[in-house]
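Reading through the structure tokens given below for one structure.
Atoms considered below: every heavy atom in the structure, side chains included; atoms not considered: hydrogens, waters and symmetry mates. Since we're looking at a predicted model, the values are computed, not measured.
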Amino acid sequence: MKGVAAGTAALACARLAQELRRLRVRTGLSMAALAKETAYSKSSWERYLNGRQLAPRQAVESLCAMAGEPPERLVALWELADLEWSGRALKAARPVAEGAVAQPDRNQLGEGGPPADRAGQSLDGAVRTKLRVWAVVAAVCTVGLATGVWLALLSTTGANEPAGRAAAPAPGCRAQTCTGKSPELMGCGMPGRVQTLGPQRSTSTGARFEIRYSAECSAAWARMWRSHAGDALEVSVPSGRSQRVEVADKYDEESFLFTPMIGGRDLTGLQVCFEPAGNKRREECFRR
């Protein structure tokens with residue numbers, strides 16, 4: 001990555017790559033088939049999906065179209081990842097940060113009053129100080145604006161919150177409209193909006209999973225980790241279509257994987273089945 005801030009950019013780019021991998025699995029296309037259907041080579045798609053290179057916006061839109069995914073939310077995520085990958089958000093802040101390291105902190109109060117050299121500061125020095133402060137403000141606003149756009153597009157506008165408290169983004173779906181959609185992209189898996197139903201389950205291969213539920217979205221799904229390429233997890237209810245996720249590669253092995261959601265308040269008979277790689281006969285099922 002060219003100019004990535006530690007943690008923040010890595011998170012956005014990794015999140016984008018993870019979502020692209022899930023869309024690729026949904027299409028059922030191999031890397032070679034994906035290359036034939038788009039303007040991008042097999043090796044390019046491999047770099048995009050493992051996070052070694054930021055996918056072009058057109059590639060994101062193409063994959064969304066093939067997977068039947070509305071592009072707006074992933075394009076919003078791409079815009080944030082692009083801002084951080086290119087380092088544009090850091091260019092204004094970097095000179096300020098470097099200058100701050102070289103200067104002692106002389107502007108702290110609590111040591112007998114204001115600093116002794118404050119009154120003798122030149123007008124030119126005062127102007128430069130103000131310009132540095134405004135540069136920091138501009139850099140912070142740039143990142144804040146990008147993050148705000150991302151959150152706004154990842155979720156629809158919710159009801160007004162009481163004055164003085166920031167409004168959490170509303171989920172992107174509710175009840176039956178959540179069926180088949182990603183809990184992450186719809187905002188149903190946000191902290192404070194999700195709970196675990198029942199205990200964590202361990203499989204014979206060491207993979208683990210649990211059932212997740214969001215009352216605000218009225219939807220349930222399953223989350224898996226410690227899995228291996230080829231493993232699959234499926235969640236279902238008797239009254240609806242099952243939802244399934246499969247571990248595509250080593251990158252998925254290192255992440256939490258989520259099934260698409262099942263919408264609705266009635267979770268009677270909800271069942272989660274784990275299918276180890278290459279052996280459907282060893283399917284292990286658990287009821288809520």
Side-chain angles (χ1 to χ4, degrees), residues 1 9-86 146-157 169-174 176-190 214 217 219 221 223 232-233 235 241-249 251-252 255-263:
M1 299 183 190
L11 177 62
C13 293
R15 175 74 175 272
L16 178 63
Q18 184 182 54
E19 293 301 332
L20 293 178
R21 291 197 299 272
R22 292 178 185 174
L23 290 183
R24 199 274 298 176
V25 171
R26 189 190 301 179
T27 66
L29 297 174
S30 66
M31 292 291 192
L34 195 59
K36 290 181 180 179
E37 296 292 331
T38 65
Y40 307 95
S41 67
K42 175 183 175 182
S43 59
S44 294
W45 276 113
E46 289 174 347
R47 291 193 297 271
Y48 302 156
L49 270 58
N50 64 30
R52 292 204 306 268
Q53 181 178 343
L54 181 66
R57 175 173 176 156
Q58 292 81 0
V60 174
E61 293 173 338
S62 295
L63 188 53
C64 285
M66 288 186 288
E69 177 75 22
E72 291 80 9
R73 300 173 190 278
L74 272 182
V75 168
L77 177 55
W78 176 88
E79 288 175 349
L80 181 59
D82 177 60
L83 180 70
E84 295 172 329
W85 180 282
S86 66
T147 304
V149 170
W150 180 35
L151 291 176
L153 290 176
L154 283 179
S155 302
T156 56
T157 304
C173 65
R174 185 169 178 81
Q176 295 300 328
T177 62
C178 289
T179 298
K181 296 180 180 178
S182 164
E184 291 182 292
L185 288 180
M186 293 295 107
C188 298
M190 290 179 59
S214 170
C217 294
W221 62 94
R223 178 171 77 167
L233 193 67
V235 61
R241 189 180 66 179
S242 62
Q243 302 296 332
R244 176 185 177 94
V245 66
E246 184 171 332
V247 183
D249 48 38
Y251 305 102
D252 281 353
S255 309
F256 282 111
L257 283 185
F258 305 84
T259 67
M261 293 183 285
I262 291 180

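The shortest distance between side-chain heavy atoms of V245 and W221 does not fall below 4.5 Å. At least one side-chain heavy atom of I262 sits less than 4.5 Å from a side-chain heavy atom of V235. At a threshold of 4.5 Å between non-hydrogen side-chain atoms, the residues M261 and P183 count as touching. Counting heavy atoms from C-beta on, the side chains of E79 and D82 never come closer than 4.5 Å.
For residues 27-46, the set of pairs meeting the salt bridge (charged side-chain N to carboxylate O under 4.0 Å, His left out) definition, not counting sequence neighbours, is empty.
Rounded to the nearest 0.5 Å, atoms CD (E19) and CG (L49) are 11.0 Å apart. The CG atom of L16 sits 5.0 Å away from atom CG of L77, with the distance rounded to the nearest 0.5 Å. For the atom pair L233 CG and L257 CG, the distance stands at 9.0 Å (nearest 0.5 Å). Within the model, atoms CG of L54 and CH2 of W85 stand 6.0 Å from one another, a figure rounded to the nearest 0.5 Å. To the nearest 0.5 Å, the span separating CD on E184 from CZ on R73 amounts to 13.0 Å. Rounding to the nearest 0.5 Å places CG of L83 at 10.0 Å from CH2 of W78.
Ring pair F256/F258 is tilted by interplanar angle, where 30° to 60° counts as tilted.
By the salt bridge (Lys or Arg N to Asp or Glu O under 4.0 Å) test, R174 is found to be paired with no residue, residues two or more places apart in sequence or in another chain being considered. For T177, the side-chain hydrogen bond (donor to acceptor under 3.5 Å, both in side chains) test picks out no residue, with sequence neighbours left out. Residues meeting the side-chain hydrogen bond (donor to acceptor under 3.5 Å, both in side chains) test with Q53, sequence neighbours left out: R47. Scored by the side chain to side chain contact (heavy atoms under 4.5 Å, CB included) test, A17 finds R21 as partners (sequence neighbours excluded).
In this structure a side-chain-to-backbone donor-acceptor pair under 3.5 Å is missing from E246 to A232.
The heavy-atom pair separating M186 from C173 by the smallest distance is CG-SG, 3.7 Å. Between T38 and L34 the shortest heavy-atom distance is OG1-O, 2.9 Å.
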Atom pairs and distances, side-chain donor-acceptor, residues 58-70, under 3.5 Å, sequence neighbours left out:
| residue | atom | partner | partner atom | Å |
| --- | --- | --- | --- | --- |
| E61 | OE2 | R57 | NE | 3.2 |
| S62 | OG | Q58 | O | 2.9 |
| E69 | OE1 | R26 | NH1 | 3.0 |
| E69 | OE1 | R26 | NH2 | 3.2 |

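When the SG-SG distance for C217 and C188 is compared with the 2.5 Å cut-off, it comes out below that value.
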